[in-house]
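Worksheet: one structure, shown below.
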Amino acid sequence: MPPGHPNGVRADRNWPLRFDFTTPMASAPATLTVDSPEVHDAHAHDHPPHLQHHFVSSEQQFDAAKMGMWLFLATEILLFSGMFVAYAVFRTLYPATYEACATALNTMQGAFNTLVLLGSSLTVALAINAIQRDDQKGLQRYLLLTLLGAAIFLVVKYFEYTHKFHSGIFPGLAFHPYGEEFGHLATVPYARQFFSLYYVSTGIHAIHIIAGMVVLSWVYLKARKGTFSSSYYTHVELGGLYWHLVDVIWIFLFPLLYLIH
Amino acid sequence: MGETSLWHPPSASTIAPDVDAIFNFVNYVSYVFFLGVLAAMVYFVVKYRRRSATDRPAPVVESKWLEISWIIVPTILVLVVFTWGFKVFVRMNVAPPDAYEIRVRGYQWNWQFTYPEGFTTSKNFTVPVNRPVRLLMDSQDVLHSFYIPAFRIKQDVLPNRYSAVWFEATQVGTYDLFCTEYCGTTHSGMIGKITVVDQDTYNAFVEAGGDVGGGTPEQKGQRLYQQQGCAGCHSLDGSRLVGPSFKGLFGSTQASSTGSHEVDENYIRESILSPGASIANGYPPAMPNNYSTLTADQLDGLIAFIKAQK
Amino acid sequence: MAHPASHSDAAHDDGHHGHYVAPVSLLLKVFAALVFFTVLTVATGRADWIPSALHVPIALTIALIKVVLVAMFFMGLKHDNRVNTVILSLTTIFVIVFLGFTLFDVTQRGDLGNVDQMTAADRAYMMHEDSVRYAQTAAVTAALADSTAAADSAAAPSAASPDSTAAP
Amino acid sequence: MAQTLTADPHAPTAHGHAAHPTDGSYNYLNYDKTFMSWAKTVDHKRIGLMYMVTLALVFLVAGLFAIALRTELIATNWTNYAAGEQDAAGTIMNANTYNWVFTMHGAMMTFLFLVPSVPAILGNFVLPLHLGAKDVAFPRLNLASYYFYIAGAVLVIASLFVGQLDTGWTFYMPYSARTNGSVTFLTMAIFIAGFSSIFTGLNFIVTIHKMRAPGLTWNRLPLFVWAMYAVSLVQVLATPVLGITMLLLFTERIFGVGIFDPALGGDPILFQHMFWFYSHPAVYIMILPAFGIISELMGTFSRQRLYGYRAVALSSVAIALLGFLVWGHHMFVSGQSAISSIIFSLITYLIGIPSGIKVFNWVTTMYKGSIWLQTPMIYALMFIFLFTIGGLTGVMVGVLAVDVALHDTYYVVAHFHYVMMGGTVIALIGGMYYWFPKMFGKMYSERWAKIFSLFVFVGFNTTFFTQFLLGAKGMPRRYWDYIPMYEHLHQISTIGSYILAVGLFGVLGTWIWGLMKGRKAPQNPWGAATLEWTHATSPPDPHNFTATPVVTRGPYDYYLADEVFLTRNAPSSGDGAAGDGSDGDVPQGDGSGDGAAATVVARPIVRDFKPH
């Protein structure tokens, strides 16, 4: 068996970009047809402790986990796509409402939060970089920095929400703006709907931030125990991917909600 | 009234024969395909049945032409069907500009028709034969769907948005009208009749303000009880539906949101014209606001009818 | 637990030596670019001289560039198994399909006259319904408003004027 | 083909190297019999069986709802239609109860039965075996997926105590915002059960990509695996949209956010777009796995290479992806723009073609084969019969003008049931018969299975073909009562449903009988050529294979499958002694007994085989 092809499957790992129906078993010579007992006994050597029994190699396990995470991210993107579709439909139907309402959102707070999230994305990437170099302290430091970024984001979000609540801008039927700053929204048709969309989409996003914080805290605790090394850092990688996705969603939410002109 | 056949309800509008023609074409082509598949299956099962447990049939060479032919032929067929359906669909949607326009409002669980002459009927409506009629429809509460099988037309009715459908009836007669979008408890009772009449009869119908039957006030009230859909919520036998039963209602004492009332003529009148004003205890405020267009004559009839339910 | 089969060649169990390690300098450069694009999107978003029709396309283009940067470098797609890129692309395509068809329908409604868009009368009617539903929750609203805006009592709404939302 | 029968030194209960018997007597069913060993299992085979039991219960409940519906419709409640006299009590239930029952029937059947059905039961059980893998890629996620499903099901039960859910399984706004609180529970149930679907799909995709046995290239995958791959793509890409739709419906009810409710400025048609963006692909989630099963059955019982393997494999994926472009054909009369309707109708036809290709290929597979009419094959033929009708009537309702007349009538109901019940459920039953010996190591009774298949066939067609006639004549769906002219057809349909119920209970009976009293199944009773039959015992080892199989040929290359034929005449170890005597030609010998692997000869790979 050629090295790099532990189970003869890797030959077409680029599928579906290179999808070839006509060449069966390009990488598996006919000798594969017999499971020789010698090879069989050779497995008595030590496996890494993290390798689950149904995988052949750490490489296979890592690739599978990563691909699974990407598929999960795909579902997250499609989940948010529903919010974006609702947004697009109503922005098309009631453009004036959207322009009027966006003025109530604080662009600077939004932009600040965007930068915070981008920064935390960077620190997660740096955390992976650190563990790839077996830098345990770096890993822990960058994970903490990421969690800090997430916390700052949520604090800013908290102030944004409460500021609006104080002027009666609630989601749904409770929407009832008043006061000097936002009182004029009471006369904007469908203003409530805009803010409902705002609360629902940023709310779901905030739930994702919290979920990401839970995941990263768990990774951090594992990191403190020294679980990870340059040869095994699957959870850091997966947590990082998830965190980047939260960032990606915000990259779209920010201009769509805050920058309507 | 048109003929019913195995596959079709009566065909009574200008569009119905076109729809049926496509239906029949697809149906017959389907028979051919289905019987072909069935025949091949039966033939193969008999001809190539297993002879022994060690049968080892040689693999069959795949024929590219066979594969391509059964991609091409169905594709052509469905494109023909699509184009045909598309043409009829456009005709179905574009009403002639001179169409006679009737306003339709759906509500739980009845239809209300407002004629251009200003009068209103519920549940049943009447149209002239051989004249395009456009129905401009909306809903007061939830989605409904306006369906007349004999005319092969259907259109969802939405709250806060008008939808429209048109037809030209070709045969005098009475046809069924259904709601086909699920709309709550009495969805299956949200049915009515459309009566197609010749122009003279229609003129008489318009002159009578939509109410062509005479009789005593009580008989009139009984007709209205059916037409206006009162039966959906108010029973005559004392059984509890959405609203209080009419049996023994008149003269009884009714506890309501505004206190206790004796049910007299004025109380009934108020309950019909402004249903929200006083809600009978133990019942939901479900009565629609649709009856303010009833004439004094019609109200008299309804009150007389309710009075008679002892 | 170990794998019993014949293929667990020790050479493949020693981890991720084949993995691409993104240099720190590259990550920092990408971050700088992301910050730049954020500033750019705020600037263009607030600029009056840009025609209003272009605001959304510009904002989305910038967002797309940012996302591509994050995906390629932070998320490592550039050096990853290509199947992950395929997953992301496929997802994007389906989001576009979803958005495209739905938006297309919304802009085309009523094209053959079978449906009319909302009328002014309907809006008024809708606002009326609105206020009815609102009145049912006015008590809740008032309670919430009281608790959150006790200080701002002068401007606080009273439950008696629920119609303030109903006048467009 | 090699078959090494070295004992598995890593069986779950024995971390040492103790040898276990490899004749199937030590297997995934009995290696640990405690309750917790099932509740906490990560074995895909056990999870498959757990789904099987749970889904059978759901099917039973939802099926009894259906029987109740048909019984209510056996007579019209209009005591005097002309005079408007109606019996409000109904035949057996009043209108509110009926609305509740049809909603529960629809919602449970679609979201809790049809969507998970084949992937959860047979996919879980068979897929890793087909791949020569020890398990799915993420076994713990697989178990989590099962418990998400259970959580969803529990919420559905909870909804029963809140109020009678009466929206129909489509939850159209704004009615679903107005009716009672059970909607809130059911939307949450579907949201949570959606995770189950997503996790299963995600798991399968990764498994197929990363866990194939040596030599198992993409063009050697059994078509069941291809179908699972296509289904999983749809599950991963479509289910999240259902999730957000349900979440928005939830917030609409709780807060009144006004996204869908027109009274608050929302757009009910947007709800339909979002709902059908999931729910149309969802019908492919339901039917594609059935295609996979039928491909397996046609290949095995015709002992012939599946005709047009590539076309069938790729058409599965094509259907899965194109299935996302046609959702608007559910909305031709909804108030959607006419131009959208026209585009959606056109694309609908393009997706009809790959389905047609499959039917032709299945039929042609029988050509010059060796057709063995065992029960699974009978169900496969039944599937082709019923699915052809379902597909052709699908062409009918795809015609713009005709759909305007037929939309929301019994014609659509009948079409849907021909595809979903006549397609998915029939294929599932066929697949269950096919894999039954592998799952439990027991044979069912061929004679009784065939008798009940007749009941199912007759009952099904009587029930649903009449509904085509009803619908074409204008009978609307979701009607508690109907005008008297439809009464005779409704009565025939109801009688058919009773026959169908007898057939289905009979099918269940044959399984239970097989489980209790069936004779021991050989390793490969059908002489099939895929890995679970050639390389795994019946029932399989806890780790599936005692040695990782190596694949050297396609899944239906019977002319190369020596191991199927060479072991055939091996002396029987007395397995078949306790048979019911009805099926004398089930092959008795198998390679599982006693080192029979010695009879297996490795055979060189044949490339570019050209038959004479």
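Every heavy atom of this structure was used, including side-chain atoms; hydrogens, water molecules and symmetry mates were not. Computed from a predicted structure; not experimentally measured.
- In this structure, no portion of D/I339 lies under 4.5 Å from any heavy atom of chain B.
- If you tally non-hydrogen atom pairs under 4.5 Å between each of B/A150, B/A40, B/C179 and chain D, the highest count goes to B/C179.
- For chain B, the nearby parts of D/S345 are the backbone and the side chain; heavy atoms of each come within less than 4.5 Å.
- Using a 4.5 Å cut-off between heavy atoms, B/M92 contacts chain D through its side chain alone, with no backbone atom that close.
- Here D/D403 does not pair with B/K154 in a salt bridge; the nearest charged N to carboxylate O distance is not below 4.0 Å.
- Under the 30°/60° scheme for interplanar angles, the aromatic rings of B/F33 and D/F360 are found to be tilted.
- Proximity to chain B is limited to the side chain of D/S341, based on heavy atoms less than 4.5 angstrom apart.
- Within the 4.5 Å cutoff, no side-chain heavy atoms of B/V88 are placed close to those of D/L400.
- Counting heavy atoms from C-beta outward, B/I191 and D/I483 have side chains that approach closer than 4.5 Å.
- Considering only heavy atoms from C-beta on, D/M485 comes within 4.5 Å of B/D176 through its side chain.
- Between D/Y479 and B/F178, the ring planes are perpendicular. Angles over 60° get that label, and only those under 30° would be called parallel.
- With a 4.5 Å cut-off on non-hydrogen atoms, D/Y411 touches chain B through its side chain but not through its backbone.
- When heavy atoms are compared at a cutoff of 4.5 Å, B/L143 approaches chain D by way of both its backbone and its side chain.
- Contacts of D/N77 with chain B are absent, with no heavy-atom separation under 4.5 Å from either backbone or side chain.
- Listed here is the closest heavy atom pair of B/P57 and D/Q304: CB-NE2, 4.2 Å.
- Ranked by heavy-atom pairs under 4.5 Å with chain D, the list B/W7, B/W84, B/F151 is led by B/W7.
- Between D/F102 and B/Y182, the two ring planes are perpendicular [angle over 60°; tilted spans 30° to 60°].
- Contact tally against chain D (heavy-atom pairs below 4.5 Å) for B/E181, B/Q222, B/R51: the top residue is B/E181.
- For D/Y558, the part sitting under 4.5 Å from any heavy atom of chain B is the backbone (N, CA, C, O) and nothing else.
- Contacts between D/M475 and chain B at a heavy-atom distance below 4.5 Å are absent for every atom of the residue.
- Scanning both residues, B/P159 and D/P174, for their nearest heavy atoms gives CG-CG, 4.1 Å.
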Test log, rule side chain to side chain contact (heavy atoms under 4.5 Å, CB included), inputs D/I269 and B/L158
CA-CA 9 Å; D/I269 302 180; B/L158 305 149; 4.1 Å; yes
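- More than 12 heavy atoms of other shown residues, nucleotides or ligands fall within 6.0 angstrom of atom NZ in B/K193.
- Listed options B/R49, B/M41, B/R152 were ranked by heavy-atom pairs under 4.5 angstrom with chain D; first place goes to B/M41.
- Residue D/T167 touches chain B through its backbone alone, counting heavy-atom pairs closer than 4.5 Å.
- Within a 6.0 Å radius of OH in D/Y367, no more than 12 heavy atoms belonging to other residues, nucleotides or ligands are found.
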B/H187 and D/R478: CA distance, side-chain angles, deciding distance, side chain to side chain contact (heavy atoms under 4.5 Å, CB included) verdict:
CA-CA 8 Å; B/H187 169 55; D/R478 297 176 175 172; 4.1 Å; yes
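- For D/L469, the parts lying under 4.5 angstrom from a heavy atom of chain B are both the backbone and the side chain.
- You'll find the side chain of B/L6 stays beyond 4.5 Å of the side chain of D/K473, heavy atoms only.
- Counting heavy atoms from C-beta on, the side chains of D/V399 and B/F82 never come closer than 4.5 Å.
- Heavy-atom distances place both the backbone and the side chain of B/E62 under 4.5 Å from chain D.
- Of the two parts of D/N361, the backbone and the side chain both hold a non-hydrogen atom closer than 4.5 Å to a non-hydrogen atom of chain B.
- Annotation: side chain of B/L79 is in contact with side chain of D/L346 (closest heavy-atom distance under 4.5 Å).
- Within the 4.5 Å cutoff, no side-chain heavy atoms of D/H407 are placed close to those of B/T180.
- Neither side chain, B/S188 nor D/D481, offers a donor N or O lying under 3.5 Å from an acceptor on the other.
- Interface remark: B/S63 contributes backbone and side-chain atoms alike to the contact with chain D (heavy atom separation under 4.5 Å).
- Nearest heavy atom pair, residue D/A405 against residue B/Y147, reads O-OH, 3.0 Å.
- Side-chain atoms of D/S370 and B/D55 include a donor-acceptor pair closer than 3.5 Å.
- D/Y486 touches chain B through its side chain: at least one heavy atom from C-beta onward sits under 4.5 Å away, while N, CA, C and O do not.
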Please test D/M331 against B/D156 for side chain to side chain contact (heavy atoms under 4.5 Å, CB included), starting from the C-alpha separation and ending with a verdict.
CA-CA 9 Å; D/M331 300 164 60; B/D156 276 13; over 6 Å; no
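- Note that OH of D/Y175 is 8.0 Å distant from SG of B/C183, once rounded to the nearest 0.5 Å.
- Of the residues considered (D/V359, D/I342, D/I389), D/I342 shows the highest number of contacts with chain B, using heavy-atom pairs under 4.5 Å.
- Per-residue counts of heavy-atom pairs under 4.5 Å with chain D were compared for B/V46, B/I148, B/L66; the largest is that of B/L66.
- Looking only at side-chain heavy atoms (C-beta outward), D/M366 and B/V45 come within less than 4.5 Å of each other.
- Proximity to chain B is absent for every atom of D/W100, based on heavy atoms less than 4.5 angstrom apart.
- Interface remark: D/I353 contributes side-chain atoms only to the contact with chain B (heavy atom separation under 4.5 Å).
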